[in-house]
Amino acid sequence: MLEGKAMVEDTDMPVKMQIQAMASASQALDLYDVIDCRSIAAHIKKDFDKKFGGGWQCVVGSNFGCFFTHSKGTFIYFKLETLNFLIFKGAASSSP
């Protein structure tokens with residue numbers, strides 16, 4: 001397990017959920033090759049959907065940009081090994 005080595009860049013998640021995010025990422029890295037970002041992201045998304053209800057999104061990679069709206073208390077962006085992890089639950093935008 002590598003969750004102790006993760007570096008959180010930004011989050012508004014409760015601490016327990018942050019710990020789950022890092023544990024799920026660590027487990028995915030144990031199961032899949034580090035270059036298989038799609039399978040890693042799918043593993044984390046399914047884990048969060050199961051534990052915290054549906055609607056979670058996960059992006060994994062070494063270089064990506066993003067812009068999104070998320071539900072309050074459901075966002076985390078962290079680094080683990082050579083990868084960046086973005087996990088959030090989507091929300092409707094309040095502006096047109």
Visitor: Nearest heavy-atom pair of H70 and D12: which atoms, and what distance?
Guide: NE2-OD2, 3.0 Å

Visitor: Are the side chain of T74 and the backbone of S71 linked by a donor-acceptor contact shorter than 3.5 Å?
Guide: yes

Visitor: Nearest 0.5 Å, what's the CD-CE distance between Q18 and M22?
Guide: 5.5 Å

Visitor: Supply the atom-to-atom distance S62 OG to K79 NZ, rounded to the nearest 0.5 angstrom.
Guide: 10.5 Å

Visitor: Could you state whether M7 and F64 fall into the same hydrophobic cluster, counting links through intermediate Ile, Leu, Val, Met, Phe, Trp or Tyr residues with side-chain heavy atoms under 4.5 angstrom apart?
Guide: no

Visitor: Go through it in stages, so that I can follow the logic: the residues are I76 and F85, the test is side chain to side chain contact (heavy atoms under 4.5 Å, CB included), and I'd like the CA-CA distance, side-chain angles, deciding distance and then a yes or no.
Guide: CA-CA 8 Å; I76 188 167; F85 295 80; over 6 Å; no

Visitor: Assigning hydrophobic clusters by single linkage (Ile, Leu, Val, Met, Phe, Trp, Tyr; side-chain heavy-atom cutoff under 4.5 Å), is V59 placed with I87?
Guide: no

Visitor: Examine V60 and V8 and state if one hydrophobic cluster contains both, with Ile, Leu, Val, Met, Phe, Trp and Tyr joined whenever side-chain heavy atoms are less than 4.5 Å apart.
Guide: yes

Visitor: Output the distance between atom NZ (K89) and atom NZ (K45), rounded to the nearest 0.5 Å.
Guide: 9.5 Å

Visitor: For L80 and L29, which heavy atoms make the closest approach, and how far apart are they?
Guide: CD2-CD1, 3.7 Å

Visitor: Begin from the C-alpha positions of W56 and D47 and carry the test side chain to side chain contact (heavy atoms under 4.5 Å, CB included) through to its verdict.
Guide: CA-CA 9 Å; W56 288 90; D47 184 49; over 6 Å; no

Visitor: Under the side chain to side chain contact (heavy atoms under 4.5 Å, CB included) test, which residues partner L31, sequence neighbours left out?
Guide: Q27, H43

Visitor: What's the verdict on side chain to side chain contact (heavy atoms under 4.5 Å, CB included) for Q57 and F68, showing C-alpha distance, side-chain angles and the deciding distance?
Guide: CA-CA 11 Å; Q57 308 298 318; F68 60 91; over 6 Å; no

Visitor: Could you state whether F88 and F52 fall into the same hydrophobic cluster, counting links through intermediate Ile, Leu, Val, Met, Phe, Trp or Tyr residues with side-chain heavy atoms under 4.5 angstrom apart?
Guide: no

Visitor: What distance separates L83 CG from C37 SG, expressed to the nearest 0.5 Å?
Guide: 5.0 Å

Visitor: Identify the two heavy atoms, one from P14 and one from G73, that lie closest to each other, and give their separation to 0.1 Å.
Guide: CD-O, 3.4 Å

Visitor: Do L86 and I44 sit in the same hydrophobic cluster, where Ile, Leu, Val, Met, Phe, Trp and Tyr count as joined when their side-chain heavy atoms come under 4.5 Å apart?
Guide: no

Visitor: Rounded to the nearest 0.5 Å, what separates atom CE in M17 from atom CZ in F48?
Guide: 6.5 Å

Visitor: What closest approach, in Å, do D49 and G55 show between heavy atoms, and which atom pair accounts for it?
Guide: OD1-N, 3.3 Å

Visitor: Quick one: CE on M13 to CZ on F78, what's the gap to the nearest 0.5 Å?
Guide: 8.5 Å

